[in-house]
Amino acid sequence: MKDRPSPFRNALRSSLLAWYDAQARDLAWRVGPADRRSGVRSDPYRVWLSEVMLQQTTVPHATPYFLSFTERWPTVLDLAAVDDGDLMGAWAGLGYYARARNLLACARAVAADHGGVFPDTEEGLRALPGVGAYTAAAVAAIAFDREANVVDGNVERVMARLFAVETPVPEAKPELKALAGSLVTADRPGDWAQALMDLGATVCRPKSPLCDVCPISAWCEGRKTGAPETYPRKTKKADRPRRHGVAYVLTRGNDVALVRRPPKGLLGGMLGLPTSDWRSSPFTDIEAVAAAPVLANWGEVGTIEHVFTHFSLTLQVFRAEGEGDFVWTARERLGALPSVFLKAALAAERLL
DNA sequence: AAGCCGTGGTG
DNA sequence: TCACCAAGGCT
């Protein structure tokens with residue numbers, strides 16, 4: 001289909017691009033269609049940084065991080081020079097912390113191997129740490145105006161509806177990607193990618209799509225079925241197990257005892273509260289005290305709930321005053337902790 | 001290659 | 001309440 005430009009494709013493309021010209025969201029990292037027409041170029045560093053932050057993350061959540069990162073580190077060379085701990089602390093709360101480790105590795109690779117300049121091809125970008133098929137295509141299209149097939153969850157949903165694809169995801173992913181590819185041309189590839197994603201985010205939404213205002217509804221097979229919201233079809237996912245653990249809030253005056261977590265795995269490389277192992281059953285008081293990092297007059301101050309991608313966690317929070325070999329950190333700096341530990345620390349503070 | 005890896009908003 | 005889900009990548 002890609003080699004057979006059809007009237008259908010051209011009309012659909014024109015309609016969506018016109019919609020984007022009028023309705024594009026104003027995003028902190030975006031060079032809008034009007035500015036682009038007057039010659040403003042995207043900064044590949046900002047495009048890359050925003051794309052990594054947006055992986056599995058909402059625009060409202062990522063935006064303040066993007067603003068603070070670009071203020072602190074205006075160029076990829078600035079970022080490449082950051083200490084690991086500072087970077088991880090700045091990323092705290094955004095989640096998927098492997099992204100932060102790869103972000104730094106990528107910045108250092110660009111600095112060391114590419115003279116501080118991002119590769120301008122999909123293939124070159126794809127070779128960088130933390131840059132997969134989606135991000136390589138997105139940066140190639142948005143920053144370098146390359147003809148790349150940019151496929152994220154939004155685009156998959158739009159394609160599943162537009163073509164009424166009955167195959168459930170994730171099985172349908174290759175098919176959805178091929179369908180998306182059939183609509184890509186050398187004309188405004190960056191705007192096309194962003195138009196498709198804006199449409200998915202604001203009109204062709206997961207629930208209650210706004211077909212009445214959709215610029216491509218005339219061509220939408222899903223709408224003809226009368227139930228466009230039922231696409232994409234999905235296979236059921238397994239329910240998540242629950243785990244139990246103990247978090248220890250050990251204080252010394254205004255300081256709280258933290259530990260640096262192992263570099264890989266859950267919350268890898270982040271500072272955290274000392275904890276017990278996490279297991280399927282709750283801890284008794286005796287067990288909790290026995291698993292504590294130091295001897296102290298431990299007392300339970302409450303429990304918190306937290307949901308990770310593949311399990312739910314109930315954390316019993318114990319508190320004591322004490323000493324020991326820890327990363328002692330002032331209360332005011334607990335913003336550098338992953339949310340699960342911030343939640344536990346605040347619970348200990350509140351419930352005293 | 002299927003499982004691992006966060007978080008917060010939403011209906 | 002809780003399942004779903006958001007500009008996915010790595011192993």
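Lettering follows sequence order; numbering is per chain, from 1.
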Exercise. Does any residue of residues 256-266 of chain A have a heavy atom under 4.0 Å from DNA chain B, and if so, which ones, in number order?
Worked result: A:Gly265, A:Leu266
Exercise. For A:Tyr96, which residues count as a ring-ring contact (aromatic ring centres under 6.0 Å, His included) partner, sequence neighbours excluded?
Worked result: none
For this session: For A:Val249 and A:Leu273, run side chain to side chain contact (heavy atoms under 4.5 Å, CB included): C-alpha distance rounded to whole Å, both residues' side-chain angles, the deciding distance at 0.1 Å, then the answer.
Result: CA-CA 7 Å; A:Val249 180; A:Leu273 294 171; 4.1 Å; yes
Exercise. Got a sec? Which of residues 45-61 of chain A come in under 4.0 Å of DNA chain B, heavy atoms?
Worked result: A:Gln56, A:Thr57, A:His61
Problem set entry | Short side-chain to backbone donor-acceptor contact, A:Arg101 and A:Gly268, under 3.5 Å | yes
Exercise. Are any side-chain N or O atoms of A:Asp83 and backbone N or O atoms of A:Gly85, one a donor and one an acceptor, separated by less than 3.5 Å?
Worked result: no
Problem set entry | Pair A:Asp86 + A:Arg72: basic N to acidic O under 4.0 Å | no
Exercise. Given atom NZ of A:Lys234 and atom P of C:dC4, what is their separation to the nearest angstrom?
Worked result: 9 Å
Problem set entry | Side chain of A:Asn102 - closest among C:dC5, C:dA7, C:dC10 | C:dC10
For this session: Starting from P on C:dA7, measure out to CG on A:Asn149 and report it in whole angstrom.
Result: 16 Å
Exercise. How far apart are the C-alpha atoms of A:Phe308 and A:His310, what are their side-chain angles, what is the distance that settles it, and do they pass the ring pair (Phe, Tyr, Trp, His ring centres under 6.0 Å) test?
Worked result: CA-CA 6 Å; A:Phe308 293 100; A:His310 55 295; 7.5 Å; no
Exercise. Using atom P of each nucleotide, how far apart are B:dC5 and B:dG9 to the nearest Å?
Worked result: 24 Å
Exercise. Under a criterion of less than 4.0 angstrom to any heavy atom of chain A, what are the 5'-terminal and 3'-terminal contacting nucleotides of DNA chain B?
Worked result: B:dC4 to B:dG8
Exercise. Hey, can you pull the residues of residues 310-318 of chain A with a non-hydrogen atom under 4.0 angstrom from DNA chain B?
Worked result: A:His310
Problem set entry | Rounded interatomic separation in angstrom, taking CE from A:Met197 and C1' from C:dA6 | 12 Å
For this session: For C:dG9, take OP1 and OP2 only and decide whether either is under 4.0 Å from a side-chain N or O of A:Arg101.
Result: no
Exercise. Base, sugar-phosphate alone, or nothing: which one does A:Leu94 contact when heavy atoms must sit under 4.0 Å apart?
Worked result: base
Exercise. Any sub-3.5 Å donor-acceptor pair from A:Thr135's side-chain atoms to A:Glu51's backbone N or O?
Worked result: no
Exercise. Is the backbone of A:Ala288 close enough, under 3.5 Å, to the side chain of A:Gln316 for a donor and an acceptor to pair up by distance?
Worked result: no
Exercise. Could you walk me through whether A:Asp120 and A:Arg146 pass the side chain to side chain contact (heavy atoms under 4.5 Å, CB included) check?
Worked result: CA-CA 8 Å; A:Asp120 65 356; A:Arg146 298 281 188 182; 3.4 Å; yes
Exercise. Contacts to DNA chain B from residues 131-142 of chain A, heavy-atom cutoff under 4.0 Å, which residues?
Worked result: none
Exercise. Any Lys/Arg nitrogen of A:Lys224 or A:Glu221 sitting under 4.0 Å from an Asp/Glu carboxylate oxygen of the other?
Worked result: yes
Problem set entry | Centroid-centroid distance, A:Phe69 to A:Phe66, less than 6.0 Å | no
Exercise. If only atom types and distance count, is the side chain of A:Thr57 paired as donor or acceptor with the main-chain N or O of A:Gln55 below 3.5 Å?
Worked result: yes
Exercise. Are A:Arg233 and A:Glu171 close enough for a salt bridge, meaning some N to O gap below 4.0 Å?
Worked result: no
Exercise. Please give, in whole Å, the distance from C:dC5 C1' to A:Arg205 CZ?
Worked result: 14 Å
Exercise. Are the charged groups of A:Arg188 and A:Asp191 less than 4.0 angstrom apart, N to O?
Worked result: yes
For this session: Please state how far atom CG in A:Asp198 lies from atom P in C:dA7, giving the value in whole angstrom units.
Result: 10 Å
Exercise. Looking at A:Asp21 and A:Arg36, does any basic side-chain N land under 4.0 Å from a carboxylate oxygen?
Worked result: no
Exercise. Quantified in whole Å, what is the P atom distance between nucleotide B:dG11 and nucleotide C:dA7?
Worked result: 15 Å
Exercise. Under the 3.5 Å rule, do the base of C:dA7 and the side chain of A:Arg25 count as making a donor-acceptor pair?
Worked result: yes
For this session: Take atom CG of A:Asp239 and atom P of C:dC2, then tell me their distance rounded to the nearest Å.
Result: 12 Å
For this session: Give one of base, sugar-phosphate or nothing for A:Gly93, where a contact means two heavy atoms less than 4.0 Å apart.
Result: sugar-phosphate
Problem set entry | Value in whole Å for how far the P atom of C:dG9 lies from OH of A:Tyr97 | 19 Å
Exercise. C1' atom, C:dT1 versus B:dG8: distance in rounded Å?
Worked result: 16 Å
For this session: Check whether any side-chain N or O of A:Arg46 sits under 3.5 Å from a backbone N or O of A:Thr70 as a donor-acceptor pair, and report yes or no.
Result: no
Problem set entry | Atom-pair distance (NZ on A:Lys236; C1' on C:dC5), nearest Å | 16 Å
For this session: Answer yes or no on whether A:Arg161 is positioned over the face of A:Phe163, meaning its NZ or CZ is under 6.0 Å from the six-membered ring centre and within 45° of the axis.
Result: no
